[in-house]
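Just below is one structure, and these are the notes that go with it.
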Amino acid sequence: MKARERIVRVAVVAAALALIAEAALSVPGGADYAKAWDRRALFASGLVTTLLISHGALALGLLLGGAAGLARSSRSAWADQAAVTYVEIVRGTPFLVQLYILYFCVARAARLQDALGSAEAAIVGAVGLGIFAGAYVAEIVRAAIESVDRGQWEAARSLGLSHGQTLRRVILPQCLRRMVPPLTGEAVSLVKESSLLSVIGVAEVTFHAKNLASASYDTFAAYLPLAALYLAVTLPLSWLSRRLEARLTPTPSLPVTRL
Amino acid sequence: MSGPLVRIRGLRKRWGGVTALDGVDLDVAPGEVVAVIGPSGGGKSTLLRCVNGLEAPDAGTVEVEGRPVRAGAADIDRVRARIGMVFQAFHLFPHLTALGNVTLAPRLVRGESADAADRRGRALLDRVGLGDRAGARPDQLSGGQRQRVAIARALAMEPSLLLFDEPTSALDPETTGEVLDVMRDLARSGTTMIVVTHEMAFARECSSRTLFMDGGRIAEDGPSPALFAEPRSPRLRAFLARTHGGAPR
Ligand SMILES: Nc1ncnc2c1ncn2[C@@H]1O[C@H](COP(=O)(O)OP(=O)(O)OP(=O)(O)O)[C@@H](O)[C@H]1O
Ligand SMILES: [Mg+2]
């Protein structure tokens, strides 16, 4: 069955690639991929910028999201409500709108350009992306914490462990593994989302593709290679996620309660 | 210590329209082994959970060793550390070994060194007959073994009071015996215990006192042999008849 599955998978992927290649090569008017190849240095530096921004944003998102997710399960109503507010506002508005507000309103008002110079857009963009991702990370963390059986809390607290000790030593060790697959998924989203930073002039990879498209009017030659570059980053991440998920899935245990 | 170990006055708890506890008064003296029996929904678990503050009553007070037990109070962790609890579903920590389960609280709460906690932990696992399974994970243990680890885990805090909520209800008849044996030893060694149970044989033979809870009240309370031999209320008589009068299973 495993072998059959593999054959099917290879066949489908090959068919899809053939279709895409056929479409890419038989573009009406013809696409001049040499133009993209001429700009390969720009594409490469753009991809590096994309990866750097994604890394920074992921780090910030994990930090913010971790804090907000923990706040959701804290006993402080203030921390909980602050986290809810953050998550709801961020998840309730489009990232593009958040980016515009952050860059054209907040950063301008704070005169960040004076401090950051030409890196302003990239840094503001990465921070914006981190804030955006943090809201989703917070939900991942909260869901993972809530997925742990209430009995674990009760057993730990009945032994005299504090709320914080229970969280650190009993609950989180059990749900970190459950967070890995959705967090990897969030990292994939983040890489794709970072393409929106091109609208505020960050020279990441989509920015260079757009420049090529508007200079040459050859959209295929600009965007098909771009898609391939994103896939080159996201597919390994997805693959890694699946590997981790398989590795981390605990062996099914005996039924605990009968009733 | 003079006075009761557990002192409960006027305990009430409602869930929406359901009355779980309807005015419970109870004193438990040090060394007593109290069995709590009664029909489902009678409030047995709620009473037990109020004793260590897992549940907050609507009214009434609980004191253990003279200290008030209040869910959410600043000193609740210190009070709980003196009260062991064993659950029907064990609730072992799945990411820790049997020994890790037993030593976690002594190390975190009492600040014991790893060496000291391990030494005591192994002795406790020995005591419940699991000295050779110290390194096993909970999912590698049978139900009866898990529950014995859970008992050792509770004992590791050297509690002055042990609470059991149907400790054998999730177990096969074969493994029920090994858990009851451990509890019987504890009862003989003078540990103060409150045991909610459907094991009438255990209640009758191993407890010094039995409470019959019905409708959120303690409907009958007396020395176990007398209570089983001469139930006063028709409700208890009917209950005992339904549960085969506590005949050995
Ligand atoms: N968390 C809860 N939410 C709502 N109702 C509850 C809750 N816990 C208990 N109750 C209700 O309170 C009443 C008493 O429940 P309790 O669990 O104390 O009974 P019990 O004597 O332990 O019963 P059993 O033998 O079935 O375990 C029941 O009617 C139950 O449905
Ligand atoms: Mg119950």
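Chain A is the first sequence line, chain B the second, and so forth, proteins listed ahead of strands; every chain is numbered from 1.
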Quiz item: About how many Å separate CZ of B:R107 and CZ of A:R169, when rounded to the nearest 0.5 Å?
Solution: 7.0 Å

Quiz prompt | Best-contacting candidate, B:R80, B:M85, B:R82, B:R78, against chain A by heavy atom pairs under 4.5 angstrom | solution = B:R80

Quiz prompt | Heavy atoms from other residues, nucleotides or ligands near CZ of B:R120 exceed 12 (cutoff 6.0 Å) | solution = yes

Self-check item: Contact summary for B:D77 and A:L161, nearest pair of heavy atoms
Solution: OD1-O, 3.5 Å

Exercise. Give the member of B:P94, B:P106, B:G84 that has the highest number of heavy-atom pairs under 4.5 Å with chain A.
Key: B:P94

Quiz item: Which bit of B:R137 comes within less than 4.5 Å of chain A, counting heavy atoms only: side chain, backbone, both or neither?
Solution: neither

Quiz item: If you check every heavy atom in residues 76-87 of chain A against those of chain B, which residues fall under 4.5 Å?
Solution: none

Self-check item: Heavy-atom contact with chain A under 4.5 Å, split by part of B:L108
Solution: both

Quiz prompt | Interface residues of residues 129-159 of chain A facing chain B - non-hydrogen atoms under 4.5 Å apart | solution = A:D149, A:R150, A:G151, A:Q152, A:E154, A:A155, A:A156, A:R157, A:S158, A:L159

Practice problem: For each of B:V86, B:N52, B:L92, B:L163, tally heavy-atom pairs with chain A at distances under 4.5 Å, and name the one with the top tally. | Solution: B:L92

Quiz prompt | Per-residue contact mode, B:F87 against chain A (heavy atom under 4.5 angstrom) | solution = side chain

Quiz item: Is it the case that more than 12 heavy atoms not belonging to B:R110 sit under 6.0 Å from its CZ atom?
Solution: yes

